[in-house]
Amino acid sequence: EIREAIEEPVAAICDSVKVTLDKTPPELAADIMETGIVLTGGGALLHGLDARLSHETGMPIVIADNPLDCVAIGSGQSLEEFDALKGVLFSTNSLH
C-alpha cells in the first residue's frame, strides 16, 4: 500500500532527474557518469529509490553517508565560504 501511495511522487522525482540530465552539459554529464548521482535528504532513505533511478537514468547512484544531515552541513559550509562561493551561488542577473 505504501509503495502504491508514493508511486506518483517517486515517478515525478525520476522524471525531474531525467529532465535535468537532458539539460546537463556533456562534460558535466561525463563527470556524473563517473562519480554518480548522490542522493541526499529523506528521499534518499526510500528503499529502492537508488536502484530505480539507476535503472531509469543509466547512471550510478550513491546514497550520501548521512543523507538527513548533509544538506544542512553543506549549507553551513557554504556560509563559511560565502565570499569564495557567491559567484557560484548567485548569477549576475539576480543581483540587479
Side-chain angles (χ1 to χ4, degrees):
E1 290 177 5
I2 292 171
R3 187 174 291 133
E4 185 179 319
I6 65 172
E7 173 54 32
E8 189 175 325
V10 168
I13 291 168
C14 292
D15 290 343
S16 295
V17 170
K18 289 190 285 187
V19 166
T20 302
L21 288 171
D22 286 343
K23 295 179 181 180
T24 302
E27 60 276 4
L28 181 55
D31 288 346
I32 295 170
M33 186 57 125
E34 185 176 314
T35 60
I37 296 171
V38 179
L39 298 182
T40 64
L45 300 177
L46 289 174
H47 180 72
L49 181 62
D50 55 339
R52 179 159 175 187
L53 279 170
S54 180
H55 174 76
E56 292 201 20
T57 64
M59 297 273 188
I61 305 294
V62 178
I63 298 175
D65 289 337
N66 194 353
L68 292 178
D69 296 333
C70 64
V71 174
I73 292 168
S75 297
Q77 290 171 340
S78 294
L79 287 173
E80 290 173 358
E81 300 294 331
F82 184 78
D83 287 336
L85 294 174
K86 67 181 166 186
V88 175
L89 297 173
F90 302 102
S91 70
T92 54
N93 294 338
S94 67
L95 296 176
H96 296 293

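Keep in mind the model is a prediction, meaning the values are calculated, not measured.
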At what distance, to the nearest 0.5 angstrom, does [atom1] of [X] lie from [atom2] of [Y]?
X	Y	atom1	atom2	answer
Leu46	Leu39	CG	CG	9.5 Å
Glu1	Ile6	CD	CD1	12.5 Å
Thr57	Ile37	OG1	CD1	4.5 Å

Is the count of non-hydrogen atoms from other residues, nucleotides or ligands lying under 6.0 Å from [X] atom [atom1] greater than 12?
X	atom1	value
Glu4	CD	no
Asp65	CG	no
Leu28	CG	yes

What closest approach, in Å, do [X] and [Y] show between heavy atoms, and which atom pair accounts for it?
X	Y	value
Gly41	Leu68	C-CD2, 4.1 Å
Thr24	Ala29	CG2-N, 3.6 Å
Ala64	Pro67	O-CD, 3.2 Å

Same cluster (ILVMFWY, side-chain, under 4.5 Å), [X] and [Y]:
X	Y	value
Val38	Val17	no
Met33	Ile61	yes
Ile63	Leu53	yes

Exercise for the section: Indicate yes or no for a side-chain donor-acceptor contact from Ser54 to the backbone of Met59 under 3.5 Å, with no hydrogens or angles considered. Expected result: yes

